[in-house]
Amino acid sequence: MTTPSLRLFFALPCPLELARAIADWRDALELDGKPVAAANLHLTLAFLGSQPRGRVDELKSLASACATGAFALRLDRLGCWRNGLLHLDASHPPEALLQLERQLRQALLGAGFEPERRPFHAHLTLARRCTRMPAGVIPTFDWLADRFSLFVSENSPKGTHYRTLADWPLRVSDTI
Ligand code: ATP
Ligand code: MG
């Protein structure tokens with residue numbers, strides 16, 4: 001019998017108040033494309049794809065060993081890739097974010113997972129299938145990242161939903 005699989009990823013969940021502010025700002029730009037719902041805004045740290053349900057405990061335990069302090073992240077650039085993915089990113093990603101991604105990647109590799117090989121480009125997806133970019137738009141959104149989560153990505157007729165399987169605090173007392 002095969003174990004059911006889950007589509008998994010680690011990410012920083014965007015705090016709801018900030019997510020709403022970002023979504024409102026994006027909507028006011030009146031772009032084309034398919035917007036991401038405010039409740040779904042996140043910054044992916046590691047994408048795992050389809051994994052057996054039985055490996056979730058292992059993922060939880062390796063993530064528990066990854067520790068950085070909370071960090072301030074300023075999203076200050078709007079970009080659109082050739083595939084139409086409209087996103088916010090940071091001109092100066094904080095070292096703690098890069099460190100957290102590296103720790104997770106190493107732990108995943110050590111446990112035999114196959115995380116993304118491409119270099120990490122921290123971004124928050126705002127919309128997909130966009131065909132144009134507004135000129136001269138300079139965003140400034142400040143995010144205090146104080147947790148990261150393991151999500152399962154689920155599809156239903158209502159759209160994609162990310163369900164939190166576990167999350168871990170990034171300690172404010174250790175902020176760098
Ligand atoms: P949907 O695919 O249903 O339109 P989605 O892309 O948000 O929505 P998933 O495909 O489950 O949902 O992806 C979850 C997260 O992982 C998203 O942040 C997505 O950008 C990222 N992701 C998906 N595929 C990859 C990949 N091959 N490499 C890196 N990150 C990925
Ligand atoms: Mg996808």
Side-chain angles (χ1 to χ4, degrees), residues 3-16 18-23 25-27 29 31-56 58-60 62-63 66 71 73 75-90 93-94 97-131 133 139 141 143 145-168 170:
T3 330
S5 60
L6 301 173
R7 188 173 171 86
L8 300 175
F9 63 104
F10 287 103
L12 303 175
C14 188
L16 200 52
L18 176 64
R20 287 196 179 121
I22 291 174
W25 171 84
R26 173 204 55 202
D27 294 347
L29 296 174
L31 298 167
D32 60 357
K34 183 166 178 279
V36 175
N40 274 359
L41 292 178
H42 66 278
L43 188 153
T44 300
L45 295 165
F47 178 71
L48 296 152
S50 182
Q51 297 293 336
R53 195 178 286 269
R55 295 205 78 180
V56 167
E58 203 182 337
L59 287 166
K60 287 184 185 173
L62 71 80
C66 294
F71 52 86
L73 172 63
L75 300 170
D76 59 358
R77 291 195 304 208
L78 177 69
C80 189
W81 287 323
R82 268 187 305 184
N83 61 4
L85 191 145
L86 185 79
H87 60 279
L88 285 174
D89 72 358
L97 167 62
L98 304 178
Q99 195 181 315
L100 178 60
E101 188 273 338
R102 278 197 302 269
Q103 281 188 20
L104 267 175
R105 182 198 295 257
Q106 288 308 320
L108 289 167
L109 284 168
F113 290 94
E114 291 180 5
E116 176 66 56
R117 282 164 195 267
R118 285 174 295 185
F120 178 54
H121 183 154
H123 66 279
L124 183 145
T125 300
L126 293 174
R128 296 193 170 79
R129 300 194 295 275
C130 287
T131 61
M133 260 277 287
F141 290 105
W143 179 347
D146 60 1
R147 65 203 303 110
F148 74 101
S149 309
L150 175 62
F151 288 105
V152 57
S153 171
E154 297 173 325
N155 275 305
S156 78
K158 285 194 207 156
T160 304
H161 172 70
Y162 309 131
R163 186 160 54 85
T164 308
L165 290 181
D167 67 358
W168 296 268
L170 299 169

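Both ligands and their constituent atoms are indexed starting at 1 by order of listing.
Using a distance-only test at 3.5 Å, with no hydrogens or angles considered, a donor-acceptor pair links the side chain of His87 to the main chain of Leu85. Between the side chain of Ser156 and the main chain of Lys158, a donor-acceptor pair closer than 3.5 Å is present. Counting only distance, with no hydrogens or angles, the side chain of Asp32 and the backbone of Thr131 share a donor-acceptor pair below 3.5 Å. At distances below 3.5 Å, not a single donor-acceptor pair connects side-chain atoms of His42 with backbone N or O atoms of Ala11. For the pair Arg129 (side chain) and Pro35 (backbone), a donor-acceptor distance under 3.5 Å is absent.
Near Ser153, the atoms of ligand 1 lying under 4.0 angstrom from a non-hydrogen atom of the residue are 9 (P), 11 (O), 12 (O). When each atom of ligand 1 is checked for a heavy atom of Asn155 under 4.0 Å away, the hits are 3 (O).
Of the listed options Tyr162, Phe47, Phe9, Phe47 places a heavy atom closest to atom 24 (N) of ligand 1.
Distances shorter than 4.0 angstrom do not occur between any heavy atom of Thr125 and any atom of ligand 1. Between Arg118 and ligand 1 there is a heavy-atom distance shorter than 4.0 Å.
Closest protein heavy atom to atom 28 (N) of ligand 1: Glu116 OE1, 2.6 Å. For atom 10 (O) of ligand 1, the closest non-hydrogen atom on the protein side is Arg7 NH2, 2.7 Å. Of all protein heavy atoms, the one lying nearest to atom 6 (O) of ligand 1 is Arg128 NH2, 2.9 Å. Residue, atom and distance of the protein heavy atom nearest to atom 8 (O) of ligand 1 are Thr160 OG1, 3.6 Å. The protein non-hydrogen atom at the shortest distance from atom 17 (C) of ligand 1 is His42 NE2, 3.5 Å.
Using a 4.0 Å cut-off between heavy atoms, Val36 makes no contact with ligand 1 at all.
Between Trp81 and His121, the ring planes lie perpendicular to each other; the angle is over 60°, past the 30° to 60° tilted range. The aromatic rings of Phe10 and Trp168 sit tilted relative to each other, their planes meeting at an angle between 30° and 60°.
At a distance under 4.0 Å, no protein heavy atom can be found next to atom 2 (O) of ligand 1.
A 4.5 Å side-chain heavy-atom check between Leu8 and Phe151 finds every atom pair outside the cut-off.
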